[in-house]
Asks: 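Dumping the structure here so I can ask a few things about it.
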Amino acid sequence: MNKENLWGPWRTFGKSHHFSHVSLRETLQGGQSFDWKSLSDYHWRGKIGDVALECRWEKNLVQWRKVRIQKLKSLQVEKYFFLDQGYQNAIDELPWRSDPVLRKCISKLRGLRILRQPLDQTLFYFLLSSAKSIPQIQSIGDAVCKKYGKEIAPEIYSFPGWERLAQVSEAELRSLKLGYRAKYVAQTARLIANQDNGLEGIGDLPYRDAKKELLRLPGVGEKIADCVLLFGGNFLEAFPMDTWIEKSLEKRYALKGWKSDNKIHFARIHFGKSAGLAQQFLFSAERLGILDKK
DNA sequence: CTCCAGGAGATAT
DNA sequence: ATATCTCCTGGA
């Protein structure tokens, strides 16, 4: 790879991004995406689809640049980072006016976003996520991308796609340390490759139908389906219920003793149609331990 | 050494 | 319906 002149010029997000350093870092590396690696605490390298990108925090500005010869429009970057008015609208729909817990999360993590990632790749990473920590998911995901994808920038490999993964054996995936998840990936890949239009169209279905489609795939249960829909399908109503959020709801909303199904029901009613965005604020706030401080 | 992670699927009640 | 066990791997 030609290292000279690899990166194009830095471009700057509009003023209304509202990110803080913390909320930007949390957006990129807080567990919704596994594409971003830090070069420093203020500088990340990652990808959007098959295009390699860098992103940095520079004196309250957020800047990005891409590999010069790769194609990506500013508009696509803005869409990926949810920079449009839809973000503020979604925040406005949350019940922060009457919910002090949520108000605190939003205030402390101003600018935190749900990324609009490609659905196929999001499904892949979350199939790997069960009983794994963020660094582990990133590590085994990267191993697969490195072996079957393209190197689109130094140390950045593209997601090879389900068609390609359909040609890989479970044993080979196991050799990449996927463990029992290897079977999920291998079987899901074959199923998708044999479908007429692959995963296309899922993003256009109503939430319930899209979820039903994903639940047909081996290794995809309630939690992972909602992660894929929220982080890779632009379904802000999807509410992934992991053990962290479950504990958080018990503690912050006095739901101790409630069954999981009832907790989800509470979340949908209470947080409304952008419940997934609320989930992300809660999740990050718990992760960073900023709810117990004043 | 044992335990258990940001889960899903199979099996048994 | 709900409870329990197992599945790989790596880190505490």
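Residue numbers start from 1 in every chain, and the chains themselves are labelled A, B, ... in the order their sequence lines are given, proteins ahead of strands.
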Asks: Using the aromatic ring of Tyr180(A) (for Trp, its six-membered ring), decide whether it stacks on the base of dC8(C) within the limits of 5.5 Å and 30°.
Replies: no
Asks: Under 4.0 Å between a side-chain N or O of Arg174(A) and OP1 or OP2 of dC8(C)?
Replies: yes
Asks: Select from Phe231(A) and Pro218(A) the residue whose nearest nucleotide in DNA chain B is closer to the 5' end of that strand.
Replies: Phe231(A)
Asks: Is there, by distance only and without an angle test, a donor paired with an acceptor across the side chain of Lys259(A) and the base of dT2(C) below 3.5 Å?
Replies: no
Asks: What nucleic acid atoms does Ser133(A) come within less than 4.0 Å of, heavy atoms only: base, sugar-phosphate, or nothing?
Replies: nothing
Asks: Less than 4.5 Å apart, side chain to side chain, heavy atoms only: is that true for Phe13(A) and Gln63(A)?
Replies: no
Asks: Report which part of the nucleic acid Gly219(A) touches: base, sugar-phosphate, or nothing (heavy-atom distance under 4.0 Å, all strands).
Replies: sugar-phosphate
Asks: Pairing check on dG6(B): which nucleotide meets the Watson-Crick or G-U wobble criteria with it, both distances under 3.5 Å?
Replies: none
Asks: Could you tell me the Watson-Crick or G-U partner of dC1(B), where both distances fall under 3.5 Å? Say none if there is no partner.
Replies: none
Asks: Mind checking Ile134(A) for me? I need base, sugar-phosphate or nothing, with any heavy atom below 4.0 Å counting as a touch.
Replies: base
Asks: Does Arg181(A) contact dC7(C) through a side-chain donor or acceptor facing the base, at a distance under 3.5 Å?
Replies: no
Asks: Given Phe159(A), which partner from the list Leu123(A), Asp120(A), Thr122(A) fulfils the side chain to side chain contact (heavy atoms under 4.5 Å, CB included) test?
Replies: Asp120(A)
Asks: How about NE2 on His265(A), more than 12 heavy atoms from neighbouring residues, nucleotides or ligands closer than 6.0 Å, or not?
Replies: no
Asks: Both distances under 3.5 Å, Watson-Crick or G-U wobble: report the partner of dC8(C), or none.
Replies: none
Asks: Of all the choices, dG6(B), dG7(B), dG11(C), which nucleotide is nearest to the side chain of Tyr184(A) once you look at every atom?
Replies: dG7(B)
Asks: Once you apply a heavy-atom cut-off of 4.0 Å, does Lys177(A) come out as touching a base, just sugar-phosphate, or nothing?
Replies: sugar-phosphate
Asks: Run the side chain to side chain contact (heavy atoms under 4.5 Å, CB included) check on Gln280(A) and Gln32(A) step by step: do they pass?
Replies: CA-CA 9 Å; Gln280(A) 199 60 16; Gln32(A) 65 170 303; 3.9 Å; yes
Asks: Considering only the C1' atoms, how many Å lie between dG6(B) and dT2(C), rounded to the nearest integer?
Replies: 22 Å
Asks: A quick test of your reading: do over 12 heavy atoms of other residues, nucleotides or ligands sit less than 6.0 Å from CD of Glu200(A)?
Replies: no
Asks: Of all the choices, dG10(C), dG6(B), dA5(B), which nucleotide is nearest to the side chain of Asp242(A) once you look at every atom?
Replies: dG6(B)
